[in-house]
Amino acid sequence: MSDAEPTDEEVVETASAAAEGLVLDRYKQSELTDLDVTVTFEDGVLEVDVYVNPPDDADADAEEVADEAARAAHDAVEELFD
């Protein structure tokens with residue numbers, strides 16, 4: 001692996017993919033009413049916002065899944081910098 005730092009775009013794309021991937025592991029995409037993942041990376045600060053609106057009868061708790069997705073995004077970005 002090279003010593004070059006990942007670009008801001010790479011960080012955002014990696015975080016977004018990780019968060020969306022986790023949500024889609026918990027819910028079928030066709031069942032979701034809404035999924036919004038917002039990622040910013042400025043001045044070395046990563047912010048991840050995840051909103052999930054699953055069907056009322058979904059097994060997984062939307063708030064827990066959103067929190068897990070945000071953590072997955074942060075973990076994925078940490079791996080970029082390792």
Side-chain angles (χ1 to χ4, degrees):
M1 184 170 189
S2 101
D3 291 332
E5 293 283 311
T7 66
D8 291 357
E9 184 176 326
E10 289 172 320
V11 169
V12 169
E13 288 175 4
T14 298
S16 294
E20 288 178 14
L22 187 131
V23 171
L24 295 176
D25 279 347
R26 302 295 191 277
Y27 302 110
K28 290 182 182 176
Q29 186 172 2
S30 61
E31 293 178 346
L32 289 175
T33 304
D34 193 14
L35 168 60
D36 184 39
V37 177
T38 305
V39 178
T40 58
F41 185 68
E42 295 179 14
D43 299 324
V45 177
L46 178 68
E47 290 190 27
V48 180
D49 236 357
V50 180
Y51 172 77
V52 180
N53 189 0
D56 291 335
D57 62 347
D59 290 334
D61 179 69
E63 193 171 315
E64 283 182 28
V65 171
D67 289 344
E68 288 177 37
R71 281 192 299 275
H74 282 273
D75 291 346
V77 168
E78 281 184 21
E79 286 182 25
L80 275 180
F81 286 93
D82 284 345

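A73 approaches A18 most closely through the heavy-atom pair CA-CB, 3.9 Å.
The CD atom of E78 lies 9.5 Å from the CG atom of L46; values are rounded to the nearest 0.5 Å. Distance CG/L32 to NZ/K28: 11.5 Å, rounded to 0.5 Å. Note that CD of Q29 and CG of L24 are 5.0 Å apart. Values are rounded to the nearest 0.5 Å.
Two residues are said to be in side-chain contact when any heavy atoms from C-beta on lie closer than 4.5 Å; D34 and V52 fail this criterion. For the pair H74 and V48, the minimum side-chain heavy-atom distance is below 4.5 Å.
Tracing side-chain contacts under 4.5 Å through hydrophobic residues (I, L, V, M, F, W, Y), one never reaches V45 starting from L80; they form parts of separate clusters. The cluster map of Ile, Leu, Val, Met, Phe, Trp and Tyr, joined by side-chain heavy atoms under 4.5 Å apart, puts Y51 and V37 in different clusters.
For E10, the CD atom is densely surrounded, since the number of other residues' heavy atoms within 6.0 Å is greater than 12. Atom CD of E31 is surrounded by more than 12 heavy atoms from other residues, nucleotides or ligands within 6.0 Å.
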Could you walk me through whether V23 and V50 satisfy the side-chain contact (heavy atoms from CB on, under 4.5 Å) test, starting with their C-alpha distance in whole Å, then the side-chain angles of each, then the deciding distance to 0.1 Å, before giving a yes or no?
CA-CA 9 Å; V23 171; V50 180; 4.2 Å; yes
Set out, in order, the CA-CA distance, both residues' side-chain angles and the distance that settles side-chain contact (heavy atoms from CB on, under 4.5 Å) for V11 and V39, then state yes or no.
CA-CA 9 Å; V11 169; V39 178; 5.9 Å; no
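No side-chain donor-acceptor contact under 3.5 Å links Y27 to the backbone of P55. Not one N or O on the side chain of E20 forms a donor-acceptor pair closer than 3.5 Å with the backbone of A17.
Salt-bridge formation is detected for the pair E68/R26: a Lys NZ or Arg NE/NH1/NH2 atom is positioned less than 4.0 Å from an Asp or Glu carboxylate oxygen.
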